Each structure stands twice: as structure tokens, then as C-alpha cells.
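Here is the structure we will look at.
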Amino acid sequence: MANAAAPRVIDLRSDTLTKPTEAMRRAMAEAEVGDDVYGEDPTVNRLEAEAARLMGKEAGLFVTSGTMGNFVSALSWCNRGDELLCGVDAHLLVNEMGSIAAFGGVQMRALPNDKRGLMNPDDVEMAVPPGGYFPRMALLTIENTHNRGNGAAYTVEQMRPLAEAARAHGMAVHIDGARIWNASVALGVPPSELVSVADSVTFCLSKGLSAPVGSVVTGSAEFISRARRVRKMAGGGLRQAGVLAAAGLVALNAMVDRLAEDHANAKRLAEGLAAIPGFSVDPAAIETNIVYAELDDGDGPGTAVRLRERGVLSNGRFNWVRFVPHYGVTAEDIDEALDAVESAARAGGR
Ligand SMILES: *Cc1c(COP(=O)(O)O)cnc(C)c1O
């Protein structure tokens with residue numbers, strides 16, 4: 001370090017804050033490229049094939065973001081006026097600007113979910129109309145890991161009854177697997193097995209896997225050819241995108257196993273937080289890299305400000321603060337962050 005005295009910021013706002021590794025930057029500089037709208041970018045083609053292979057699906061499609069991945073998937077399964085079922089806390093319902101409804105004309109219907117974000121198959125059944133004039137139910141989406149559900153990782157056994165209930169009524173099943181790699185590492189199960197219950201899946205390269213940009217959608221060849229048309233419609237047909245896909249390939253080859261370190265750091269953080277007055281966390285509920293702490297004083301934004309003043313960045317909203325350990329955050333950083341939280345808790349008058 002040039003200046004060891006400079007105060008360091010520990011940024012735990014999100015795993016989207018990760019920056020590309022040296023290996024990624026080298027791969028990006030050296031990437032072989034072509035025009036991907038013509039299907040001629042060899043690096044994009046390699047990433048899409050590799051993603052499909054890893055997910056056990058026929059084909060893949062590189063997209064700019066997880067939001068675009070969910071968007072092209074939903075619009076490939078649903079027509080205008082159709083209904084999409086998701087959990088009430090689903091990222092695609094709460095955090096994606098209503099894009100699927102706004103541009104796709106798809107009605108998004110929220111089902112209850114438990115503390116881990118998991119829906120109940122009985123609620124899928126109960127949502128099915130008795131016949132007559134009702135919207136066509138076209139798609140069920142399942143988020144794994146579940147962001148608002150404390151990063152819960154669902155097993156195949158937990159997802160299968162939902163998928164079966166949906167299929168029994170003619171719906172397709174999409175997994176919003178922005179962090180499916182976290183689920184895979186936490187459960188010790190290959191992603192292809194986890195997503196075997198779904199017709200399509202989106203996963204992010206740009207979160208814990210640390211690539212600068214991009215997500216991949218996978219599914220049948222027929223589904224992906226529809227999704228490719230929607231992607232072009234949304235302005236997502238990129239040209240020499242191999243410079244981005246190259247980082248994605250490094251992410252898949254080199255950055256998956258180390259997610260276990262993020263999970264261990266999240267657990268360490270949760271255990272520390274549980275001992276600090278004013279913060280409620282159940283460390284046993286931390287399955288991957290996301291830690292929500294509920295605040296006795298109900299002041300998420302104020303707590304985040306007090307933490308920021310002490311060099312720790314978090315997301316504070318409503319009555320909680322969220323921390324997401326990621327690549328570049330060490331166990332020592334977690335201990336330092338906990339010291340800052342203790343100090344902030346005292347400053348908060350507790
Ligand atoms: C981050 C996230 C997305 C969207 O990803 P972006 O790349 O930020 O658009 C989708 N679903 C979940 C569960 C996420 O956490």
C-alpha cells in the first residue's frame with residue numbers, strides 16, 4: 001500500500017461491487033471477437049455453450065444483466081395478458097422496475113412466501129382459476145438463492161413440488177438463479193441438478209463470480225431462439241461482446257469454488273452481529289453470502305449512515321441493514337466491520 005494510513009472502506013453493500021480479477025482483464029484484452037448479432041463472436045459462443053452444459057440445458061444466451069435475463073425469459077414464456085406467478089418478495093417483482101409488466105404486458109401475481117422466500121405449492125394450486133374468463137397462467141418463477149430470504153439456498157426437493165404444481169396447470173418454470181452458484185456451492189450439488197426442475201434459468205456472472213458485466217439465460221434450443229429475438233427487441237443484441245464473455249468464462253472456471261469463503265464470512269459476520277445489542281440475526285439462518293440484520297430501533301437508513309462514518313458500507317432500508325461479503329473481503333475485514341457495528345450501535349444510543 002502506498003499510504004498505509006489511508007482509511008480503508010469495507011464495502012458490504014452487495015456482491016455486485018466485485019471488480020474483475022487480473023485474469024479476467026487479461027482474458028478480456030486477448031479475447032477473440034466477432035459480431036454476435038451475426039452469431040460470429042467465438043468467445044460469446046463458447047460462454048453460451050459452457051453455461052448450457054453446466055446447467056444441463058440445450059442452449060444459452062448471453063445478456064447484459066440479470067434483469068434482462070429475467071425479462072427475456074418471461075417474455076419468451078408469456079404473451080400479453082398472461083399471468084406470471086412469483087413470491088411476494090421476488091427480486092423480479094420488487095427490484096426490476098416492473099419491466100416484465102411494463103413492456104411485456106404480463107400480469108405479475110405475488111404468492112405468499114415464508115421467511116426463506118419459499119412459496120407453498122398449495123398456494124400455486126389455489127391461484128388456479130376454476131375455469132371461465134381468467135388470465136392464462138403461463139409461468140412460475142422461483143428465486144434461488146433467495147435475496148430477501150437471507151440468501152436461502154433451496155434444494156431440488158424443496159423446489160420440485162412447486163414445479164410440479166405449476167406444470168400440472170400448463171405453466172413453464174423459470175429459475176431466477178442470479179446466485180444459483182452460491183446455492184450450488186452451499187448445498188454441494190451441481191447447478192445442473194438444482195435447475196433440473198426448471199425449463200429456463202438465468203444466472204449472474206457479475207455478482208459473487210466477479211465478472212464486470214453479464215448474465216446467461218439457458219433452456220431448450222427452441223426457447224433460446226425465442227429469447228434471442230426478445231433480447232434484440234430490448235436492445236440487447238451486442239456486437240463484439242466477446243470482451244465481456246471472456247471475463248464470464250474466467251468467472252465460471254476460476255471463481256465458483258471460492259464462494260465458500262464468502263459464505264464462511266457471512267456466517268462469521270452473523271455470529272458477531274447476534275452478540276451486538278440492537279441487532280437481531282439468527283446465524284443458523286445464514287445459508288450463503290447474504291446477511292440481513294433487523295434493528296431494535298427500526299432505523300435501517302440511520303444505521304447505514306453511522307456505519308458509513310466508521311468505514312463500513314451496507315444497505316440500510318426500513319428496519320434492517322443488509323451485508324453481503326464477497327471477493328476481496330477477508331475474515332479480518334469482517335472482524336473490523338463488527339468493531340464498526342459495535343461502535344455504531346453505541347452511537348445510536350443503545
Ligand atoms: C441481482 C439480482 C438480479 C438482477 O441482476 P442485475 O444484473 O442487477 O440486473 C435478479 N435476481 C436476483 C435474485 C438478484 O439478486
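Values reported hereafter were calculated over all heavy atoms of this structure, with side chains retained and with hydrogens, waters and symmetry mates removed. All of these numbers come straight from a predicted model, not from anything done at the bench.
- Under the 4.5 Å side-chain contact rule for hydrophobic residues, I290 and I286 do not share a cluster.
- With hydrogens and angles ignored, the 3.5 Å screen pairs no side-chain donor or acceptor of R306 with any backbone N or O of S343.
- Salt bridge status for D36 with R231: present, with a side-chain N to carboxylate O gap under 4.0 Å.
- Dense packing is recorded around CZ of R239, with more than 12 heavy atoms of other residues, nucleotides or ligands lying under 6.0 Å away.
- For CZ of F134, the number of neighbouring non-hydrogen atoms (other residues, nucleotides, ligands) closer than 6.0 Å is greater than 12.
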Checking L269 against L338 for the side-chain contact (heavy atoms from CB on, under 4.5 Å) test, could you report, in this order, the C-alpha distance in whole Å, the side-chain angles of both residues, the deciding distance, and whether it holds? CA-CA 7 Å; L269 180 66; L338 284 166; 3.8 Å; yes
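- A donor-acceptor pair is defined here as one N or O able to donate and one able to accept, closer than 3.5 Å; no such pair exists between the side chain of S192 and the backbone of G56.
- Grouped by direct or indirect side-chain proximity (heavy atoms under 4.5 Å, Ile/Leu/Val/Met/Phe/Trp/Tyr only), V63 sits with L61, M68, F71, V72, L75, W77, L84, L92, L93, V94, I100, F103, V106, M108, L139, V217, F223, I224, V230.
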Before giving the answer on side-chain contact (heavy atoms from CB on, under 4.5 Å), spell out for E96 and D176 the whole-Å C-alpha distance, their side-chain angles and the decisive distance to 0.1 Å. CA-CA 12 Å; E96 300 183 10; D176 175 0; 4.3 Å; yes
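- Of the possible polar contacts, none joining the E342 side chain to the D339 backbone as a donor-acceptor pair under 3.5 Å is found.
- When hydrophobic clusters are built by joining Ile, Leu, Val, Met, Phe, Trp and Tyr residues whose side-chain heavy atoms come closer than 4.5 Å, directly or via intermediates, Y327 is grouped together with L259.
- Side-chain contact annotation: H146 with D89, donor-acceptor N/O pair under 3.5 Å absent.
- With hydrogens and angles left out, the side-chain atoms of N147 and Y292 include a donor and acceptor closer than 3.5 Å.
- With 3.5 Å as the limit, one finds a donor-acceptor pair spanning the side chains of N70 and H174.
- Taking both residues in full, the closest heavy atoms of V33 and G242 are given as CG1-CA, 3.8 Å, listed atom of the first, atom of the second, then distance.
- Residues E58 and R53 are not paired through a salt bridge, judged by the lack of any N-O separation under 4.0 Å between the basic side chain and the carboxylate.
- Counting heavy atoms from C-beta outward, E193 and S184 have side chains that stay 4.5 Å or more apart.
- Heavy-atom minimum distance, R167 versus V197: NH2-O, 2.8 Å.
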Test log, rule salt bridge (Lys or Arg N to Asp or Glu O under 4.0 Å), inputs R8 and D333: CA-CA 10 Å; R8 247 193 87 229; D333 292 334; 2.8 Å; yes
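- For the pair D41 (side chain) and V44 (backbone), a donor-acceptor distance under 3.5 Å is present.
- With contacts defined as side-chain heavy-atom distances shorter than 4.5 Å, the pair V195/T218 does not qualify.
- Scanning all heavy atoms of the two residues, the minimum distance from F62 to G214 falls at CE1-CA, 3.8 Å.
- Shown here is E32, whose CD atom has no more than 12 heavy atoms of other residues, nucleotides or ligands within 6.0 Å.
- Side chains of R148 and N113: a donor-acceptor N/O pair is absent below 3.5 angstrom, by distance only.
- Counted by atom type alone, N289 and D15 present one or more donor-acceptor pairs between their side chains at under 3.5 Å.
- Under 3.5 Å, the side chains of E287 and H263 contain no donor-acceptor pair of N or O atoms.
- Residues D11 and V329 come closest through the heavy atom pair O-CG2, 4.3 Å.
- Both V128 and V173 belong to a single network of hydrophobic side chains, linked directly or stepwise wherever heavy atoms of I, L, V, M, F, W or Y lie under 4.5 Å apart.
- Of all heavy-atom pairs between V281 and A270, the closest is CG1-CB, 3.7 Å.
- For R308, the CZ atom counts as loosely surrounded, since its 6.0 Å shell holds 12 or fewer non-hydrogen atoms of other residues, nucleotides or ligands.
- A pairwise comparison of heavy atoms in T288 and A186 identifies CG2-CB, 3.8 Å as the closest pair.
- The only option from I180, T202, L194 that meets the side chain to side chain contact (heavy atoms under 4.5 Å, CB included) definition with M55 turns out to be I180.
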